[in-house]
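Because only heavy atoms are used, hydrogens play no part in the values below, and waters and symmetry mates are left out as well, while side chains stay in. Keep in mind it's a predicted model, so treat the numbers as computed, not measured. By convention in this document, chain letters (A, B, ...) are assigned in the order of the sequence lines, proteins followed by strands, and residues within each chain are numbered from 1.
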2 protein chains.
Amino acid sequence: MQGMGRWEPNARGRLEQAALELYLERGFEQTTVAEIAKRAGLTERTFFRHFADKREVLFWGSGTLQEHLVNAVADAPESAAPMDATAAAIESVGALFQERGENARRRQAVIAANAELRERELVKLATLSAALAEALRRRGVAEPAASLAAEAGIAVFKIAFGRWISETGGADLSSIIRESLDELKAVTAGR
Amino acid sequence: MQGMGRWEPNARGRLEQAALELYLERGFEQTTVAEIAKRAGLTERTFFRHFADKREVLFWGSGTLQEHLVNAVADAPESAAPMDATAAAIESVGALFQERGENARRRQAVIAANAELRERELVKLATLSAALAEALRRRGVAEPAASLAAEAGIAVFKIAFGRWISETGGADLSSIIRESLDELKAVTAGR
DNA sequence: CCAATGATGTCAGTGACTGTCATCAGGCTA
DNA sequence: TAGCCTGATGACAGTCACTGACATCATTGG
């Protein structure tokens with residue numbers, strides 16, 4: 001039947017789970033990789049075979065996120081202006097987070113509590129920006145317009161996401177993103 | 001006369017100098033903190049009394065940069081719209097880099113060559129963005145307009161700076177910033 | 001049944017970073 | 001001048017993230 005052999009399945013998933021739990025219980029710095037591995041029934045060495053470092057275990061999902069973003073840009077109608085394609089993409093990504101709801105907030109609480117994790121989050125956002133710019137270029141958008149639209153889009157997402165997280169009520173993330181984008185247009189328009 | 005006592009003066013400066021030299025000679029990863037300290041005539045422990053970690057030694061100047069940015073925003077005429085005050089600030093910072101010329105390029109080469117250093121650079125840019133937003137708020141700009149203008153401004157700076165660095169000729173950074181800002185306006189305007 | 005493969009364990013490092021205490025110059029005060 | 005305080009440094013031991021090298025063992029294909 002199933003592969004129930006020497007090793008329990010889904011080692012990576014167990015490591016992610018154990019890490020998130022421990023980071024929530026004691027905090028990121030107070031958790032050692034050895035402890036994470038032990039809770040997952042594995043060794044420290046194996047942890048580093050699955051994740052490049054102690055931070056990456058929290059950001060494994062960002063690859064999927066990037067794919068969504070790129071696909072959304074590619075799927076935008078040909079007639080859409082660069083910023084409209086960008087807007088459509090970040091709004092659809094917003095809907096993803098909307099679903100994950102509680103999980104997203106817990107994860108974000110861990111990240112917000114630690115400088116090293118916030119640092120890594122910036123890298124992930126920069127990577128998303130680069131991928132977004134590349135997707136726009138494939139639509140024929142020239143530089144530096146592609147990079148600028150991408151940076152602006154990610155900036156809007158960052159700010160809208162922060163507002164959504166801090167909202168007590170269950171506001172709609174996509175709406176916040178749309179509003180923030182309009183604010184950006186107003187601000188850059190000079191007034 | 002001078003304090004020529006037990007210790008040579010300017011320990012921090014000597015550490016910065018030694019670190020930049022070694023990072024250029026062998027690369028960031030291949031350099032140990034012990035080596036930096038030795039070249040500066042100090043011990044490893046003392047290095048960590050001056051800099052929080054091995055990366056910070058390259059970013060000590062960012063505090064000054066932040067002051068310039070904040071002052072420039074504060075000095076903008078009251079009548080200036082948020083994005084205009086932001087534009088004035090990043091252009092004046094651009095002039096700063098223009099002066100440092102060769103040094104800026106050497107430093108940037110070291111940073112570009114290493115992922116950890118690029119990561120730290122993102123933190124510094126995010127810090128600048130936060131300070132810029134704060135300065136705008138002091139001008140009476142409301143949220144999220146202040147944060148959005150700040151993020152957009154830093155994004156423009158980042159992209160313009162990258163173009164300036166990769167230019168072979170000695171193009172004018174302030175001009176590139178101005179052009180990039182106009183591009184952003186065009187892109188966010190929807191066409 | 002055997003060989004190749006792949007995920008894991010074991011072990012011995014290196015090097016970044018920290019806590020703690022000792023040392024020593026300059027300055028302040030009695 | 002002696003005594004004391006302060007601040008920068010050295011010396012030293014320790015923790016922990018991360019890596020390289022090699023052994024182990026289930027699965028898979030022949």
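Between the side chains of A:E25 and A:Q30, no donor-acceptor pair of N or O atoms lies under 3.5 Å. In the model, B:E143 has a side-chain atom that pairs as donor or acceptor with a side-chain atom of B:S147 under 3.5 Å.
A sub-4.0 Å separation between OP1 or OP2 of D:dT9 and a side-chain N or O of B:H50 is present. Side-chain nitrogen and oxygen atoms of A:T46 include at least one within less than 4.0 Å of the OP1 or OP2 phosphate oxygen of C:dG9.
Within residues 107-115 of chain A, no residue is approached by DNA chain D to less than 4.0 Å at the level of any non-hydrogen atom.
With respect to the salt-bridge test (charged N to carboxylate O, under 4.0 angstrom), the residues B:R137 and B:E134 qualify. Salt bridge status for A:R178 with A:E183: absent, with no side-chain N to carboxylate O gap under 4.0 Å.
Following rounding to the nearest Å, A:L117 (CG) and D:dA17 (C1') show an atom-to-atom distance of 14 Å. The CD atom of B:Q30 sits 14 Å away from the C1' atom of D:dT19 (whole-angstrom rounding). C:dT8 atom C1' lies 12 Å from atom CG of A:L15, rounded to whole Å.
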Residues 72-86 of chain A side chain polar contacts: donor-acceptor under 3.5 Å, at least two apart:
| residue | atom | partner | partner atom | Å |
| --- | --- | --- | --- | --- |
| A:T86 | OG1 | A:P82 | O | 2.9 |

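For residues 71-93 of chain A, no residue pair satisfies the ring-ring contact (aromatic ring centres under 6.0 Å, His included) rule, not counting sequence neighbours. Sorted by first then second residue, the ring-ring contact (aromatic ring centres under 6.0 Å, His included) pairs that include residues 104-153 of chain A, not counting sequence neighbours, number zero.
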*Which letters describe nucleotides 13-20 of chain C, given B = protein heavy atom under 4.0 Å from base, S = only from sugar-phosphate, - = neither?*
---SBBBB
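Under the rule for a ring pair (Phe, Tyr, Trp, His ring centres under 6.0 Å), the partners of B:F161 that lie at least two apart in sequence or sit in another chain are B:F97, B:F157, B:W164.
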